[in-house]
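I have placed the structure first, in the form of C-alpha cells, so that the comments after it can refer back to it.
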Amino acid sequence: MFEPKIICFFCKWCTYAGADLAGTSRKQYAPNGVVLRVNCSGRIDPQHILWAFREGADGVLIGGCHPGDCHYQDGNYNTMRRVSILKPMLEALGIESERLCLDWISAAEGDKVVRVMNEFVETVRDLGPLDLDLADRLSGAEAPESAEVVGQES
C-alpha cells in the first residue's frame, strides 16, 4: 500500500507547538510527515515548496498562526497570498494543487494537528504517488536554509 511522504513546514510559535501538545497528550496521527520548524509561515518561500516536491515529497503541509495572531504581524497573510499564487503554478507543472495544504493551527489545537495531518495524508494517499520527472521543471529550487529539521537523525 502506498504511504505518502509529506514535508511539513510548521510555524514554531503555533503549529509546531500544537504538534508538541498532540505528542505530549499522546494523540496518535499518521507518521508520514517530516516536520521542518520555521520561525514563521511567512518565511516559507515558494522555492522551498518546489524543493520539497523535487526531492520526492508527495505532499506539502504548511501550518501557521491564525490570521491576526501572527507573532510577526503579517507573516501568515504573506503565506496566504503566496499559496494562492503557487497552486495554479503547481497545476501548470502537472502537480495537483491538493498536494499543497495550508492550515491555521494554534498552539492550543493539538487535536486539530491530528485531524489535519490525518486528513491530508488520506487526500495525498488517494491522489497516489507524485511520479513526475521534476528535475527539469523545478531546477533552481533550493533547500530551505531557514528551516530546522525536527525528529530526524543525522
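Below, each value reflects all heavy atoms present in this structure, side chains not excepted, and no hydrogens, waters or symmetry copies.
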TODO: State plainly whether one hydrophobic cluster holds both Leu93 and Val83, where clusters connect Ile, Leu, Val, Met, Phe, Trp and Tyr through side-chain heavy atoms under 4.5 angstrom apart.
DONE: yes

Task: Backbone N/O of Thr79 and side chain of Ser41: donor-acceptor pair under 3.5 Å - done: no

TODO: For residues Met117 and Ala30, report the shortest heavy-atom separation together with the two atoms involved.
DONE: CG-O, 3.8 Å

Task: Sidechain-backbone polar pair: Thr15 side chain, Cys11 backbone, donor-acceptor under 3.5 Å - done: no

Open item on the list: Using only atom types and a distance under 3.5 Å, with no angle test, would you say the side chain of Ser106 pairs donor to acceptor with the backbone of Ala108?
Closed with: yes

Open item on the list: Please give me the minimum heavy-atom distance between Pro46 and Arg82, naming the atom from each residue.
Closed with: CD-CD, 3.9 Å

Task: Smallest separation among heavy atoms of Arg43 and His48, with atom names - done: O-CE1, 3.5 Å

- [ ] Show your working on side-chain contact (heavy atoms from CB on, under 4.5 Å) between Leu90 and Arg99 and close with a plain yes or no.
- [x] CA-CA 9 Å; Leu90 291 175; Arg99 292 183 184 275; over 6 Å; no

TODO: Treat each ILVMFWY residue as a node, draw an edge where side-chain heavy atoms are under 4.5 Å apart, and state whether Val60 and Leu130 are in one component.
DONE: yes

Open item on the list: Does Glu98 form a side-chain contact (heavy atoms from CB on, under 4.5 Å) with Lys87? I'd like the steps, not just the answer.
Closed with: CA-CA 8 Å; Glu98 295 86 3; Lys87 282 193 171 203; over 6 Å; no

Open item on the list: With a 3.5 Å distance limit and no angle check, can you tell me whether Tyr77 reaches the backbone of Gly42 through a side-chain donor-acceptor pair?
Closed with: no

Open item on the list: Among residues at least two apart in sequence or on other chains, which ones pass side chain to side chain donor-acceptor pair (under 3.5 Å) with Lys5?
Closed with: none

Open item on the list: According to a hydrophobic-cluster definition based on side-chain heavy atoms being under 4.5 Å apart (Ile, Leu, Val, Met, Phe, Trp, Tyr only), do Tyr72 and Phe10 belong together?
Closed with: no

Task: His66: ring pair (Phe, Tyr, Trp, His ring centres under 6.0 Å) partners, not counting sequence neighbours - done: none

Task: Distance in Å, Cys65 SG paired with Trp104 CH2, rounded so as to fall on 0.5 Å steps - done: 9.0 Å

TODO: Could you check if a side-chain atom of Ile7 sits within less than 4.5 angstrom of a side-chain atom of Glu55, using non-hydrogen atoms only?
DONE: no

Task: Taking every non-hydrogen atom, the tightest pair across Ala17 and Trp13 - done: CB-O, 3.8 Å

- [ ] Quick one: do Glu119 and Glu122 satisfy side-chain contact (heavy atoms from CB on, under 4.5 Å)? Show the steps, please.
- [x] CA-CA 5 Å; Glu119 288 174 1; Glu122 282 305 313; 5.8 Å; no

Open item on the list: Just verifying a value: how many Å separate Asp111 CG and Tyr29 OH, rounded to the nearest 0.5 Å?
Closed with: 12.0 Å

TODO: Find the distance between CZ (Arg125) and CD (Glu3) and round it off to the nearest 0.5 Å.
DONE: 4.0 Å

Open item on the list: I need the single residue from Ile62, Asn76, Leu61, Leu86 that forms a side-chain contact (heavy atoms from CB on, under 4.5 Å) with Leu102. Which is it?
Closed with: Ile62

Open item on the list: When you measure from the side chain of Asn32 to the backbone of Pro4, do you find a donor-acceptor pair of N or O atoms at a distance under 3.5 Å?
Closed with: yes

Task: Exercise: identify the closest heavy-atom pair between Gly18 and Val113 - done: C-CG2, 3.6 Å

Open item on the list: For a 4.5 angstrom cut-off between non-hydrogen side-chain atoms, does Leu21 reach Thr24?
Closed with: yes

- [ ] Find the distance between CD1 (Ile95) and CG (Asp58) and round it off to the nearest 0.5 Å.
- [x] 10.5 Å

Open item on the list: On a heavy-atom basis, which atom in Phe9 and which in Val38 lie closest, and how many Å separate them?
Closed with: CD2-CG1, 4.3 Å

TODO: Would you indicate whether the side-chain heavy atoms of Asp103 and Phe120 approach each other to under 4.5 Å?
DONE: no

Open item on the list: Once rounded to the nearest 0.5 Å, what's the spacing between atom CD1 of Ile105 and atom OH of Tyr16?
Closed with: 14.5 Å

- [ ] Report the distance from atom NZ of Lys12 to atom CG of Asp20, rounding to the nearest 0.5 Å.
- [x] 13.0 Å

Open item on the list: Are Leu127 and Phe2 linked, directly or through intermediate hydrophobic residues, by side-chain heavy-atom contacts shorter than 4.5 Å (ILVMFWY only)?
Closed with: no

